[in-house]
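Every number for a ligand or one of its atoms is a count from 1 in the order of the listing.
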Amino acid sequence: MKRLFVISGSSGVGKGTVIKEFLKQNPGFKLSVSCTTRPMRLGEKDGESYYFISREEFKQGIENGDFIEWAEFSNNYYGTRKSIIEKALAKGENLILEIETQGALQVKNKISDAVLIFIAPPSFEELKKRLEGRQTEAPEVIQTRLDQAAREKNDSKNYDYIIVNDEVSNAVKNLEEIISQYAI
Ligand code: 5GP
């Protein structure tokens with residue numbers, strides 16, 4: 001692995017879109033595939049979006065020390081297998097992890113030269129508007145997401161960089177500028 005980039009951002013902030021755009025324009029980067037116990041959503045593929053595993057398998061993985069980091073988020077487990085990092089290391093790849101903040105801080109503790117990047121909404125009000133505008137979540141779920149966003153914003157104090165996603169193309173440009181300082 002050349003360098004590990006860890007990208008986080010609250011739900012509704014559009015980090016998925018920013019990362020997808022970045023990868024389209026920078027095909028030399030690899031996106032890590034995480035394990036999760038949450039149900040598969042429409043359009044997702046096992047082994048591509050995530051490795052969808054049972055809670056039992058996940059707990060076994062924790063016991064076996066298979067994960068470099070893991071966290072419980074919205075009542076589900078999420079984690080990155082050590083083997084993903086080891087493979088990228090062996091191949092000399094630049095790897096991107098798209099994970100929430102508790103996991104990101106665990107990674108930073110273990111791999112101190114990992115670069116932590118947080119994608120933030122222009123404002124908390126804007127985030128609320130975006131989440132409500134999706135009309136896919138019940139009001140209580142939206143409230144949980146907003147509480148999580150507040151916690152993640154607090155964790156982002158320990159990040160190396162914060163990108164405000166006011167406009168996707170600007171956010172992608174900022175991400176490229178940051179990453180190009182490290183990646184060869
Ligand atoms: P979603 O269920 O919407 O795909 O993801 C929920 C949250 O889990 C997002 O913030 C996402 O970045 C995070 N996440 C995805 N994979 C991992 C992982 O392997 N570890 C951790 N700690 N968080 C993850």
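- Atom 19 (O) of ligand 1 has as its closest protein heavy atom Ser34 OG, 2.7 Å.
- Taking the salt bridge (charged side-chain N to carboxylate O under 4.0 Å, His left out) definition, one finds that Lys82 meets it with nothing, sequence neighbours left out.
- Contact annotation: for Arg38 versus ligand 1, heavy atoms closer than 4.0 Å belong to the side chain alone.
- Shown in contact with Thr80 at under 4.0 Å from a heavy atom are these atoms of ligand 1, numbered in order with element: 19 (O).
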I would like to know whether Phe29 and Phe22 meet ring-ring contact (aromatic ring centres under 6.0 Å, His included); could you show each step before the answer?
CA-CA 9 Å; Phe29 288 79; Phe22 173 83; 5.1 Å; yes
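- Of the candidates Ile68, Leu97, Ile99, Thr36, Ile99 brings a heavy atom nearest to atom 18 (C) of ligand 1.
- The closest protein non-hydrogen atom to atom 9 (C) of ligand 1 is Lys15 NZ, 4.0 Å.
- Looking only at distances, a side-chain donor or acceptor of Asn165 sits under 3.5 Å from a matching main-chain atom of Val13.
- Using a 4.0 Å cut-off between a side-chain N of Lys or Arg and a carboxylate O of Asp or Glu, Glu21 and Lys24 qualify as a salt bridge.
- Counting protein heavy atoms only, atom 20 (N) of ligand 1 is closest to Glu69 OE2, 2.7 Å.
- Of all protein heavy atoms, the one lying nearest to atom 3 (O) of ligand 1 is Arg41 NH2, 3.1 Å.
- Of the protein's heavy atoms, Glu98 OE2, 3.9 Å lies nearest to atom 11 (C) of ligand 1.
- In terms of protein heavy-atom proximity, atom 23 (N) of ligand 1 is nearest to Glu100 N, 3.1 Å.
- Around the NZ atom of Lys129, the shell of radius 6.0 Å holds no more than 12 heavy atoms that belong to other residues, nucleotides or ligands.
- For atom 1 (P) of ligand 1, the choice among Tyr77, Phe73, Phe67, Tyr50 with the nearest heavy atom turns out to be Tyr50.
- Every pair tested for ring-ring contact (aromatic ring centres under 6.0 Å, His included) that includes a residue from residues 124-148 fails, sequence neighbours excluded, so the list is empty.
- The aromatic rings of Tyr77 and Phe58 sit parallel to each other, their planes meeting at less than 30°, with 60° as the upper class boundary.
- Residue Gly79 has at least one nitrogen or oxygen atom sitting less than 3.5 Å from a nitrogen or oxygen atom of ligand 1, judged on distance alone.
- With a 4.0 Å heavy-atom cut-off, ligand 1 is reached by the backbone of Tyr78 and by its side chain too.
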